[in-house]
**Student:** 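Here it is: the structure, laid out below.
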Amino acid sequence: MVTMSWHVEIDEHTCIGSGMCAALLPEVFVLDGAVAHPVNPSVDADETVLDAADSCPAMAITVTDGGREIGPRP
């Protein structure tokens, strides 16, 4: 079985530390002081990761699949 993985980045200069991503997916995102960080930049493909990117009020989360940006969704 092949497990798909995505790459998650948070722009620390754009992040406002709302904590929405960490509240939605604490196993993927952690609020560290004033900004959030991915626990691990490589994550299992999961629609909830895209939901977190979509819900970021600062649009600071980028999700890529094989180098192609898939989140946040338009």
**Student:** Are Ile10 and Glu12 close enough that some pair of their side-chain heavy atoms sits under 4.5 Å apart?
**Tutor:** no
**Student:** Between Met4 and Asp65, which heavy-atom pair has the shortest distance, and what is it?
**Tutor:** CE-OD2, 4.1 Å
**Student:** For Leu31 and Ala36, work out which heavy atoms get closest and say how close.
**Tutor:** CD1-N, 3.9 Å
**Student:** Do Pro38 and Val43 have side chains that approach each other closer than 4.5 Å (heavy atoms only, starting at C-beta)?
**Tutor:** no
**Student:** Taking all atoms of both residues into account, what is the closest heavy-atom pair of Ala53 and Val63, and its distance?
**Tutor:** CB-CG2, 4.0 Å
**Student:** Report whether Ile61 and Leu50 are members of the same hydrophobic cluster (ILVMFWY, side-chain heavy atoms less than 4.5 Å apart, transitive linking).
**Tutor:** yes
**Student:** Arg73: which residues meet the side-chain hydrogen bond (donor to acceptor under 3.5 Å, both in side chains) condition with it, sequence neighbours left out?
**Tutor:** Glu47, Asp51, Asp54
**Student:** Looking only at heavy atoms, which two atoms of Pro26 and Ala23 are closest? And how far apart?
**Tutor:** CD-O, 3.9 Å
**Student:** Does the side chain of Thr62 reach to within under 4.5 Å of the side chain of Asp11, using non-hydrogen atoms?
**Tutor:** no
**Student:** If you take all heavy atoms of Pro57 and Met20, which pair is closest and at what distance?
**Tutor:** CD-SD, 3.8 Å
**Student:** Do you reckon Val35 sits in the same ILVMFWY cluster as Leu24, going by side-chain contacts under 4.5 Å, direct or chained?
**Tutor:** no
**Student:** Answer with yes or no whether the hydrophobic clustering places Val28 together with Ile70; edges join I, L, V, M, F, W, Y residues whose side-chain heavy atoms lie under 4.5 Å apart.
**Tutor:** yes
**Student:** Sequence neighbours excluded, which residues qualify as side-chain hydrogen bond (donor to acceptor under 3.5 Å, both in side chains) partners of Glu9?
**Tutor:** His7
**Student:** When rounded to the nearest 0.5 angstrom, what is the spacing between CH2 in Trp6 and CD in Glu69?
**Tutor:** 12.5 Å
**Student:** How far apart are the closest heavy atoms of Asp32 and His37, and which atoms are they?
**Tutor:** CB-CD2, 3.5 Å
**Student:** Thr48: what forms a side-chain hydrogen bond (donor to acceptor under 3.5 Å, both in side chains) with it, not counting sequence neighbours?
**Tutor:** Asp46
